[in-house]
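Reviewing the structure listed below.
If you're wondering where the values come from, they're calculated on a predicted model, not measured in any experiment. Letters A, B, ... mirror the listed sequences (proteins, then strands); counts begin at 1.
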Amino acid sequence: MTEIRLYNTATRSKQLFKPLDPNNVRMYVCGPTVYDRAHLGNARPVIVFDTLYRLLRHVHGPDHVTYVRNFTDVDDKINATAMARRQAGAPGSLEQLVRERSDETIRWYREDMDRLGALRPTHEPRATEYIDQMVALIADLIAKGHAYEAEGHVLFRVRSYAGYGRLSGRSVDDMIAGARVEVAPFKEDPMDFVLWKPSGDDLPGWGSPWGRGRPGWHIECSAMSQELLGTSFDIHGGGNDLQFPHHENEIAQSMCAHPDAGFAQVWMHNEMLQVEGKKMSKSLGNFFTVHDLLAQGVPGEVIRFVFLGTHYRKPMDWTAEKAQGARRTLKKWYAEIALADGRGEVDAGVVASLANDLNTPEAISKLHDLSARQDWHGLRASLRLLGLIGRNVPDWAGDSPVDANTTALIEALLVERAEARRNKDFARADQLRDGFVTAGVIIMDGAEGSTWDLTPEFDKSTLEALK
RNA sequence: GGCGAGUUGGCGGAGUGGUGACGCAGCGGAUUGCAAAUCCGUGUACAGGAGUUCGAUUCUCCUACUCGCCUCCA
């Protein structure tokens, strides 16, 4: 069996991956807060951990991997949208409007991530459906002395967990020294964080032993992973911005509730995304969503390919130039594998690269090898493993859907050019050749005649001017 | 201020204690009326300094610079 090596943030080293139960490899990834469309940065962990999911399924068998990715649908921005809608006269209770907002955002998220070739996780739990488990977990933490109630809040007693700060390499004292956060007066210690907080009448809330309220952010992942994967499981993933405080707090909660279970064995964090060399932010004007990009005609496969071109633990720069290159490469490969039947074997080199801490850039270089060796079956199967092709070659890469008019016009102009060349009227022949280029038509002359294709920049009026 | 990550050829981007991935661009050749596409060939890069070593881009230390987190942003 293929040996998988993964970099474990918790030990800061790459180590051999040994599942607790090879018949049920379990992975939890922190999913989105569903307050709006997913931006491009949200796509990175999705693609990274989807690739890992595919690798695990390949190695252990599709039925022996359980992948959980949550939706966080308890959030002030969701509430704000719901309240704004109610003010605008939308019917229904606040709870219903909150639910509607999450529902539509989740639907968008799934549509967008599907387009990126990401498989749906085994479970996609919503935080609001696990409130009972969270309440039980919080009560357990209080009973064990790791949490306390104060002014309607329940807080986690950070000093009660000696391992706090291990994952992110911080000491509690250092963090307090450098803290820039205002400390709530009811906290025993500045580092203590909220497990449960009270909700006023104008906010969604649930009944609890501590009054009507809502959970803090971190407790949901502890509760849902425990419910769906057990008190210990194999891999926990997310963006490296979650390393602290989110994952640190998750560890504290889960380890204190189940001191002997071990919680997650391997912690994996993807680096952040940049756009044209800069952090993506609304103020810089380089902020866009996955949906924006798809709507502009950038195919999901192209986005995925660009992402896989950088190792997940390095910052990744999204550029228009990369997207263009990715489109060309994929289109070439799609044309090459058109005749492959899809029953080929996945290339061992591709698997080996992935098994080495998801070295996707190296895996892509192996795809280039397969293409150069004309191993179309292997290329197709390997593209499939990487999620760069589904059952069929995507429509955008096939023969461009061209209306009959345009086809006839191009064919006629090609005939004219062939005649001009035969008659040594090179002025006209070159005029047509250059005109095709300007119009966005690629002409490929071969021994048995000319073939053509349209670039995304194809412009029909420019072509018609050639007549 | 604290913690962490990084700095590889024109660009992107892997990797390794000693045979200089891979892609794009460029250059040379084949081909072409000239081109495009294609095919063949082609690159003496590892931030700076010191150290360890027979030998370092790869290990250690220092310096510079970049970036991320410390704010319920992946």
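To the nearest 0.5 angstrom, A:Trp452 atom CH2 is 11.0 Å from A:Leu413 atom CG.
When heavy atoms are screened at a 4.0 angstrom cut-off, A:His311 is found touching the sugar-phosphate backbone but no base atom. Base engagement by A:Asp445 is indicated by at least one non-hydrogen atom pair under 4.0 Å involving a base atom. Within the nucleic acid shown, A:Asp430 comes within 4.0 Å of at least one base atom, counting heavy atoms only. At the heavy-atom level, A:Leu242 lies under 4.0 Å from the strands shown only through sugar-phosphate atoms. Nucleic acid contact for A:Phe244: sugar-phosphate only, since backbone atoms but no base atoms lie under 4.0 Å from a heavy atom of the residue. Within 4.0 Å (heavy atoms only), A:Gly41 reaches at least one base atom of the nucleic acid. The residue A:Ala38 sits apart from the nucleic acid: no heavy atom pair falls under 4.0 Å.
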> What one-letter contact string describes nucleotides 22-28 of chain B from 5' to 3', where B marks a base within less than 4.0 Å of any protein heavy atom, S marks contact via sugar-phosphate atoms alone, and - marks no contact?
Replying inline: SSS----

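Taking side-chain N and O atoms only, A:Ser168 has no distance below 4.0 Å to OP1 or OP2 of B:rC3.
Side-chain atoms of A:Arg214 come within 3.5 Å of backbone N or O of A:Pro198 as a donor-acceptor pair.
One atom, CD of A:Glu362, and another, P of B:rA21, lie 13 Å apart when rounded to the nearest Å. If you take NE2 of A:His246 and P of B:rG4, they are 22 Å apart, rounded to a whole angstrom. To the nearest angstrom, P of B:rC69 lies 12 Å from CD of A:Gln243. If you take CZ of A:Arg417 and P of B:rA36, they are 12 Å apart, rounded to a whole angstrom. A:Asn70 has its CG atom 12 Å from the C1' atom of B:rA74, to the nearest Å.
Under the 6.0 Å cut-off for aromatic ring centres, A:Phe156 and A:Tyr148 do not qualify, their centroids lying 6.0 Å or more apart. Taking the six-membered ring for Trp, A:His39 and A:Phe287 have ring centres closer than 6.0 Å.
With P as the reference atom, B:rC46 and B:rU58 are 11 Å apart, rounded to whole Å. Distance noted for atom C1' between B:rC65 and B:rG49: 15 Å (whole Å).
Judged by distance alone, the side chains of A:Ser353 and A:Asn356 never bring a donor and an acceptor atom under 3.5 Å apart. In the model, A:Glu220 has a side-chain atom that pairs as donor or acceptor with a side-chain atom of A:Asn70 under 3.5 Å.
Sequence order on RNA chain B of the closest nucleotides to A:Ile443 and A:Leu40 puts A:Ile443 first from the 5' end. Residues A:Val437 and A:Tyr312 each lie close to RNA chain B; by heavy-atom proximity, the contact nearer the 5' end of the strand is made by A:Tyr312.
In this structure, A:Val46 and A:Arg69 approach most closely via the heavy-atom pair CG1-NH1, 3.8 Å.
Between A:Arg421 and A:Asp430 no salt bridge is recorded (no basic side-chain N to carboxylate O distance below 4.0 Å).
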Distances under 3.5 Å between protein N/O atoms and the N/O atoms of nucleotides 5-10 of chain B, please, pair by pair.
none

>> For RNA chain B, please output the secondary structure as dot-bracket, reading 5' to 3'. Pairs are Watson-Crick or G-U wobble, both atom distances under 3.5 Å; mark crossing pairs with [ ], other-strand partners with |, unpaired with a dot.
In response: (((((((..(((.....[...))).(((((.......)))))....(((((..]....))))))))))))....

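Proximity note for A:Met444 (side chain, C-beta onward) versus B:rA14, B:rA37, B:rA74: the nearest is B:rA37.
When the side chain to side chain contact (heavy atoms under 4.5 Å, CB included) test is applied to A:Thr406, the partners found at least two apart in sequence or on another chain are A:Val402, A:Asp403, A:Ile410, A:Phe458, A:Lys460, A:Leu463. Residues that satisfy the side chain to side chain contact (heavy atoms under 4.5 Å, CB included) test with A:Arg120, not counting sequence neighbours, are A:Arg110, A:Asp114, A:Glu124. Under the side chain to side chain contact (heavy atoms under 4.5 Å, CB included) criterion, A:Gln274 pairs with A:Asp317, sequence neighbours left out.
For A:His39 against B:rA74, a side-chain-to-base donor-acceptor contact under 3.5 Å is present.
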